[in-house]
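Below is one structure; the comments refer to it alone.
Naming convention: chains lettered A, B, ... in sequence-line order (proteins, then strands); numbering from 1 in each chain.
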Number of protein chains: 2
Amino acid sequence: MAEGGQGGGEALLFLTDEQLRKGIEAMFFAYRGFTADPDRILEKHGFGRAHHRAIHFIGRSPGTSVNNLLAILGVTKQSLNRVLRALIEAGLVESRVGRRDKRERHLHLTPAGEALERELSDAQRARMRAAYRAAGAQAVAGFRTVLEAMMDGEQRRQYLALREASP
Amino acid sequence: MAEGGQGGGEALLFLTDEQLRKGIEAMFFAYRGFTADPDRILEKHGFGRAHHRAIHFIGRSPGTSVNNLLAILGVTKQSLNRVLRALIEAGLVESRVGRRDKRERHLHLTPAGEALERELSDAQRARMRAAYRAAGAQAVAGFRTVLEAMMDGEQRRQYLALREASP
DNA sequence: TTGGAATGTCAACAAGACTGACGTAAACTG
DNA sequence: CAGTTTACGTCAGTCTTGTTGACATTCCAA
């Protein structure tokens with residue numbers, strides 16, 4: 001179908017409500033699959049999704065400040081703080097007082113934190129890899145394109161900022 | 001087009017960890033965008049995401065049983081019951097005793113429930129439509145293909161079952 | 001130097017998930 | 001027909017993760 005060439009075929013785009021609804025439901029079910037593996041691992045360690053998100057983005061941007069993490073995660077600082085405290089107590093995250101600005105705390109994963117990060121992202125990558133393989137390269141490109149278009153402006157800005165960091 | 005993605009280029013599929021990570025982060029940020037509009041509407045009415053999910057799937061499959069809804073949503077009956085009770089009290093959902101099997105309750109949206117369902121799904125469809133338009137037809141196909149591949153087997157079964165209902 | 005802004009912490013609360021136990025009515029089964 | 005299973009509802013208690021509000025510390029600029 002849609003051999004419209006990479007022109008992409010705006011012309012072929014018949015968007016019935018039913019098709020849109022399928023997209024919505026696909027997001028719902030796929031997101032559950034997307035979080036299923038990490039959830040199982042986290043439970044073993046007594047953590048939840050909030051901890052996963054913190055670990056992910058600290059691992060992604062070592063030395064990030066609490067405020068920066070706050071902006072990415074879109075939660076209140078009090079909520080993040082609880083999560084962070086648990087991770088620091090468990091010895092997975094280290095919080096270093098800023099050298100230039102002592103109000104800031106710079107966050108890093110400890111070796112144990114890196115190990116859990118790897119365990120979590122290995123699982124998630126394995127699922128993503130399988131899905132990508134099953135779908136093919138063109139599908140993958142389309143997948144990313146639609147997801148980016150679905151973000152709010154601010155979210156897309158943050159997403160692309162992460163992208164820059166490691167192109 | 002799913003199979004082997006013919007032009008799709010399995011050959012072109014270089015799945016670096018970095019690329020996979022981008023896909024993971026895209027899911028994270030896109031899902032936030034995906035739920036942002038409904039969340040705003042729900043707040044006005046004093047409901048949450050859990051209510052949205054129930055409303056969506058009742059609207060999708062009118063007359064569905066509690067047990068069926070339970071399976072789709074993947075929560076406990078206690079959790080669903082709290083949500084359902086609120087929706088029934090608010091006059092958005094009606095629970096009818098089954099005719100054939102009187103143990104069952106068949107769930108329907110009232111006119112008010114349908115109105116809220118429409119308000120919610122209009123918002124969500126508008127975003128989905130904009131994303132689809134921006135991405136093009138091929139991207140849309142790829143998007144759905146990858147999402148389906150990302151589901152667990154049971155989830156995919158349920159997703160496709162909904163699909164059948166209205167092809 | 002002093003007051004405001006930024007950063008982070010502690011405390012209390014709410015939503016929404018969970019488990020476990022129990023009750024009722026209807027349907028099924030030997 | 002008696003006993004078991006199924007479908008649903010409810011009460012009670014816990015956990016995670018979000019929320020506000022109040023407060024301490026640090027920096028910076030008037």
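- One can place CD1 of A:Ile88 at 11 Å from P of C:dG8, the figure rounded to the nearest angstrom.
- Between A:His45 and A:Phe47, the ring planes are parallel. Angles under 30° get that label, and only those over 60° would be called perpendicular.
- Phosphate proximity of C:dC10 to A:Arg85: present, with a side-chain N or O under 4.0 Å from OP1 or OP2.
- No salt bridge links B:Glu25 with A:Arg156; every basic N to acidic carboxylate O contact stays at or beyond 4.0 Å.
- Residues B:Leu116 and B:Leu92 form a side-chain contact, since some pair of their non-hydrogen atoms from C-beta on lies under 4.5 Å apart.
- The CG-P distance, from A:Asn68 to C:dG8, rounds to 10 Å in whole Å.
- The existence of a salt bridge linking B:Asp152 and A:Arg32 is excluded, since no basic side-chain nitrogen approaches an acidic carboxylate oxygen closer than 4.0 Å.
- Taking CE of A:Met150 as the reference point, atom CZ of B:Phe29 lies at 15.0 Å (rounded to 0.5 Å).
- Near DNA chain C, defined here as any heavy-atom distance below 4.0 Å, there are no residues from residues 34-44 of chain B.
- Heavy atoms of B:His106 sit nowhere under 4.0 angstrom from any nucleic acid atom.
- Chain B approaches DNA chain D within less than 4.0 angstrom (heavy atoms of the protein), and the contacting nucleotides run 5' to 3' from D:dT6 to D:dC11.
- A donor-acceptor pair shorter than 3.5 Å can be found between the side chains of B:Thr35 and B:Arg49.
- Distance, A:Leu70 CG to C:dT7 C1': 10 Å, rounded to whole Å.
- Contact check on A:Glu154 versus A:Arg157 returns a salt bridge, with a Lys/Arg side-chain nitrogen under 4.0 Å from an Asp/Glu carboxylate oxygen.
- Per the geometry, CG belonging to B:Leu80 stands 18 Å off P belonging to C:dA15, to the nearest Å.
- When all heavy atoms of A:Ala139 and B:Val146 are compared, the pair lying nearest together is O-CG2, 3.8 Å.
- Side-chain N/O atoms of B:Arg82 and base N/O atoms of C:dA15 include no donor-acceptor pair closer than 3.5 Å.
- When ring centroids are compared, A:Phe28 and B:Tyr31 stay outside the 6.0 Å threshold.
- In this structure, B:His52 places its NE2 atom 14 Å from P of C:dA17, rounding to the nearest Å.
- Side-chain N/O atoms of B:Thr76 include one lying less than 4.0 angstrom from OP1 or OP2 on C:dC18.
- Separating the OG1 atom in B:Thr76 from the CZ atom in B:Arg82 is a distance of 7.5 Å, to the nearest 0.5 Å.
- The residue B:Gly46 sits apart from the nucleic acid: no heavy atom pair falls under 4.0 Å.
- Each of A:Gly74 and B:Leu84 was matched to the nucleotide of DNA chain D holding its nearest heavy atom; the match closer to the 5' end belongs to B:Leu84.
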Footprint string (nucleotides 21-30 of chain C, 5' to 3'): B base within contact, S backbone only, - free, heavy atoms under 4.0 Å: B----BS---
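- A:Tyr132 approaches B:Leu20 most closely through the heavy-atom pair CD2-CD2, 3.9 Å.
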